[in-house]
Amino acid sequence: MARQAIEKLLADLNDEQRRAVVHTEGPVLVLAGAGSGKTRVLTYRIAYLLATGAAQPHEILAMTFTNKAAEEMKRRVEELLGGGQTPRWIGTFHSIFARILRREAERLGFSRDFAIYDETDQLSVIKQGIRDLQLSESAVEPKAVRHAISQAKSVLIFPDEFERRAGDPWRRDVVSPLYRYYQRFLRENNALDFDDLLVNAILLFEQCPDVLQSYQERFRYILVDEYQDTNRAQYLLLKLLSSRHRNLCVVGDDDQSIYGWRGADIRNILDFQKDFPDCAIYRLERNYRSTEVILNAANSVIAKNKHRWDKRLWTDRAGGEKVTVVHALTAEDEARRVVELIEAEVYRHKRGFKDFAILYRTNAQSRVLEQALQQAGIAYEIVGGVRFFERKEIKDVLSYLRVVCNPLDTFSLRRIVNFPPRGIGQVTIARLEEVARTQGIPLFEAMRRVESLPEIGAAAKRGIRNLVETIERFHQLRGELSAAEIATALVDELGIRQLYKEAGTEEARDRLNNIDELLYSIAMFCRTEEEASLERYLEQVALLADIDSWDDRANAVTLMTLHSAKGLEFPVVFITGLEEGLFPLRTSLEGDLRELEEERRLFYVGATRAKEKLYLTLATYRRRWSTEEVQSQPSRFLLEIDERYVEVERAESFGRRGGLRYAARREEFEPVVRYDGGSPGASPFFEGRRVRHPSFGEGIILRVSGQGERMRLTILFDEFGEKTLVLKYAPIQPL
DNA sequence: CCTGGGATATTTTTT
DNA sequence: ATATCCCAGG
């Protein structure tokens with residue numbers, strides 16, 4: 001490409017960015033603060049490598065954290081180079097190695113149709129293991145076991161070693177046998193979980209040096225985004241793949257490491273310098289995103305972390321509006337106030353709804369916010385939460401497709417065996433499983449032999465015969481028809497749409513719509529992908545992140561978790577639920593300091609998403625799941641912000657009457673560091689207050705007794721008369 | 001032996 | 001508020 005074009009490319013960058021881009025040979029570590037243009041460095045680096053002819057598109061491997069980031073990177077490289085030169089190997093660790101494993105599956109002794117198990121699948125396997133191994137069901141927490149197994153895998157500890165190392169009884173007698181069971185189950189079902197995608201890639205490379213060598217040769221340049229969130233297995237993969245050409249460029253920020261609970265290991269940055277002593281280090285410390293006020297406020301909080309490298313982010317966007325802290329009484333008030341503030345911002349600064357993000361620590365917080373936005377008629381989009389692909393009807397169809405691909409997937413098979421209902425109940429399934437176990441064959445094989453099984457009733461036999469026939473027929477068709485054709489024909493033949501249509505309820509209509517949406521998504525996939533097999537579609541779905549399905553062009557307010565917000569930016573950001581116990585989350589306060597520091601980094605990530613205005617909101621009263629109401633103290637993060645950058649709004653009254661009134665006194669936050677101090681503050685429930693109960697309707701409080709969650713209310717209901725209810729158990733709402 | 005209704009337990013973040 | 005579990009009816 002012309003020298004001119006290359007110079008034009010480099011002209012877009014500042015000095016430090018440019019140095020990081022043109023330093024193409026050898027190991028490079030880029031320490032890039034929030035908003036310092038690290039994605040820019042990566043895309044320009046790829047464009048530079050291609051423009052200078054240093055690399056062909058297929059010789060570049062780029063790892064991102066989400067599929068969306070990968071798409072974005074491809075798009076921007078194309079934009080810079082005018083298309084036709086897009087690297088094919090840009091993606092998440094999981095999708096890249098899933099792809100490599102499909103190519104080489106046979107070398108590891110499983111077939112390339114392997115299923116990818118998500119968390120729900122994993123939990124079901126573990127639950128079954130608890131039953132099969134006759135462990136005490138009440139004493140074992142499946143989630144904890146899943147987590148322990150996942151952690152072990154991410155540092156490459158397999159069942160044998162796990163057993164040897166298991167110190168405490170829980171690991172020795174519970175996790176260890178379950179881990180063994182779990183791995184066997186996955187293998188028998190031709191399935192891999194997320195961790196296996198990485199672990200097996202390592203095993204593949206270790207066992208087949210020729211395979212490793214071919215990929216080492218191929219990938220002359222390797223780039224990694226969000227390096228601070230990689231785990232041990234990912235690090236090893238990078239080391240293996242880059243050892244031939246040693247052109248490995250990683251970009252990260254230790255202050256934005258927020259996936260420690262998933263095995264991300266900050267040591268990866270330290271070890272990078274140890275393993276590549278000749279590595280070049282570039283620091284990007286100029287922030288282009290936020291105002292000085294926002295940046296300094298965020299910096300003052302993150303500075304409280306002990307375990308970090310000192311660095312000083314700066315910006316030339318001097319001044320800016322102060323960060324506004326909004327202290328509401330209840331979560332509902334908080335939501336209403338957020339909506340009011342959005343409306344005011346739209347009016348005052350002529351903003352569009354897509355300029356706003358509302359962030360929270362837990363998905364459960366989204367509901368109240370959603371309701372308030374709905375009432376105000378503001379368009380919004382929720383990222384994550386109840387995921388589309390986790391809805392029952394979607395999982396049903398996907399399970400069918402999975403079984404059609406891979407009949408060994410007993411787990412999906414069991415899910416669909418009686419959907420739509422075909423007269424096969426638990427007893428029949430149990431008997432078939434018994435047959436499978438005693439004969440040492442997969443469940444599907446047992447079902448194929450149903451004719452010769454006297455213990456199965458005639459009606460059930462007919463159902464099973466039917467199911468087996470359908471699956472085998474579609475399994476055959478896989479080669480001839482596209483994924484979309486198979487899915488449509490299958491849904492048709494099973495009468496699933498019919499089923500929901502006949503039900504006629506609101507819920508059934510939703511489900512029907514979701515099915516149609518799924519079929520449409522498969523059709524789109526077939527149109528855009530080169531290799532649009534059913535396997536590839538299922539893989540893509542399994543590896544989808546919440547953020548991947550976010551439509552960033554819609555003019556809507558975005559609601560999402562702080563984790564999902566990583567890497568994004570918005571003119572106006574609300575961080576909600578800033579209460580001790582919620583953010584930072586209670587569990588992080590009980591564990592060691594590192595967990596609290598990770599929460600603080602999460603706060604830092606959230607705050608640095610804002611370009612022009614940051615709001616921090618909290619409520620004194622919040623319901624955790626449907627009934628229990630907790631009273632909380634302001635988050636310590638609020639106290640840690642340098643007060644020069646903050647203004648405070650505190651709601652004094654309960655709302656609507658005359659609007660909220662505010663006092664701007666920071667002392668109101670002064671420290672109550674413990675979460676469950678339980679000082680009796682203002683409760684929303686007092687004599688004379690009108691309230692609503694879902695079954696008794698509206699009423700007025702006559703008497704209040706007790707404190708906190710044991711508070712008892714005597715209420716005179718308009719229609720049901722006088723009743724005494726315990727607040728903890730009754731979903732009573734103030735009006 | 002299957003089905004459906006009601007009771008019960010369960011929420012941290014996610015590839 | 002939702003998914004899973006348990007029991008009674010068909």
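Side chains are part of it too, since the values below use all heavy atoms of this structure and drop only hydrogens, waters and symmetry mates. None of the values given here were measured: they were computed from a predicted structure. Order of the sequence lines fixes the chain letters, A, B, ..., with proteins taken first and strands second; residue numbering starts at 1 for each chain.
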Exercise. What is the distance, rounded to the nearest whole Å, between atom CD of A/Q365 and atom P of B/dT13?
Worked result: 9 Å
For this session: Report the distance from atom CZ of A/F419 to atom P of C/dT4, rounded to the nearest whole Å.
Result: 14 Å
Problem set entry | Residues that A/K74 engages under salt bridge (Lys or Arg N to Asp or Glu O under 4.0 Å), provided they are two or more places apart | A/E71
Problem set entry | Listed partners of A/Q371 passing side chain to side chain contact (heavy atoms under 4.5 Å, CB included), at least two apart | A/R367
Problem set entry | Distance below 4.0 Å between A/S95 side-chain N/O and B/dT15 OP1 or OP2 | no
Problem set entry | A/Y360: ring pair (Phe, Tyr, Trp, His ring centres under 6.0 Å) partners, not counting sequence neighbours | none
For this session: Using whole Å, report how far NZ of A/K127 lies from C1' of C/dT4.
Result: 8 Å
Problem set entry | salt bridge (Lys or Arg N to Asp or Glu O under 4.0 Å) partners of A/D255, counting only residues at least two apart | A/R308, A/K311
Problem set entry | Presence of A/N363 side-chain N/O under 4.0 Å of B/dT13 phosphate oxygens OP1/OP2 | yes
For this session: Using the side chain to side chain donor-acceptor pair (under 3.5 Å) rule, take A/D409 and A/Y117 through it: C-alpha gap first, then chi angles, then the decisive distance, then the call.
Result: CA-CA 10 Å; A/D409 186 351; A/Y117 275 13; 2.7 Å; yes
Problem set entry | Partner residues of A/Y259 under the ring pair (Phe, Tyr, Trp, His ring centres under 6.0 Å) criterion, sequence neighbours left out | A/F65, A/W261, A/H563
Seminar exercise, completed: Winner on side-chain proximity to A/F194, out of B/dC1, C/dA1, B/dT15, is B/dT15
Exercise. For A/R103, which residues count as a salt bridge (Lys or Arg N to Asp or Glu O under 4.0 Å) partner, sequence neighbours excluded?
Worked result: none
Exercise. To the nearest angstrom, how far is A/L453 atom CG from B/dC1 atom P?
Worked result: 14 Å
Exercise. Among residues 256-267 of chain A, which residues get a heavy atom nearer than 4.0 Å to DNA chain B?
Worked result: A/Y259, A/W261, A/R262
Hey, what are the protein-to-nucleotides 6-10 of chain C N/O distances that come in under 3.5 Å?
none

Exercise. Which nucleotide in the set B/dC2, B/dT13, B/dT12 lies at the smallest distance from any side-chain heavy atom of A/V427?
Worked result: B/dC2
For this session: Give the rounded distance in Å between these two atoms: CD1 of A/I464 and P of B/dC2.
Result: 9 Å
Exercise. Quick one: ring pair (Phe, Tyr, Trp, His ring centres under 6.0 Å) partners of A/F97, sequence neighbours excluded?
Worked result: none
Exercise. Can you name the residues that form a salt bridge (Lys or Arg N to Asp or Glu O under 4.0 Å) with A/E104, not counting sequence neighbours?
Worked result: none
Seminar exercise, completed: Applied to residues 454-466 of chain A, the salt bridge (charged side-chain N to carboxylate O under 4.0 Å, His left out) test, sequence neighbours excluded, yields A/E451-A/R465
Could you list all N or O pairs between the protein and nucleotides 3-6 of chain B that sit under 3.5 Å apart?
residue : atom : partner : partner atom : Å
B/dT3   : OP2  : A/N418  : ND2          : 2.9

For this session: Calculate the interatomic distance between A/H147 atom NE2 and B/dT14 atom C1'; express it in whole Å.
Result: 11 Å
For this session: Using the ring of A/F419 (Phe, Tyr or Trp, six-membered ring only), decide whether A/K392 places NZ or CZ under 6.0 Å from its centre and within 45 degrees of its axis.
Result: yes
Seminar exercise, completed: From CG of A/L582 across to P of B/dT13 the rounded distance in Å is 11 Å
Exercise. Do we get A/R509 above A/Y500's six-membered ring, with its NZ or CZ under 6.0 Å from the centre and within 45° of the axis?
Worked result: no
Problem set entry | Comparing A/D195 and A/T362 on DNA chain B - which has the more 5′ nearest nucleotide | A/T362
For this session: Return the value, rounded to whole Å, for the distance between atom CD of A/E393 and atom P of C/dT2.
Result: 12 Å
Problem set entry | Distance test, side-chain N/O of A/S588 to OP1/OP2 of B/dT12, below 4.0 Å | no
Exercise. Just checking A/E119: base, sugar-phosphate only, or nothing, at a heavy-atom cut-off of under 4.0 Å?
Worked result: base
For this session: Please check the phosphate of B/dC2 (OP1 and OP2 only) for any side-chain N or O of A/T428 closer than 4.0 Å.
Result: yes
Exercise. Taking OP1 and OP2 of B/dT10, is either one under 4.0 Å from a side-chain nitrogen or oxygen of A/K143?
Worked result: no
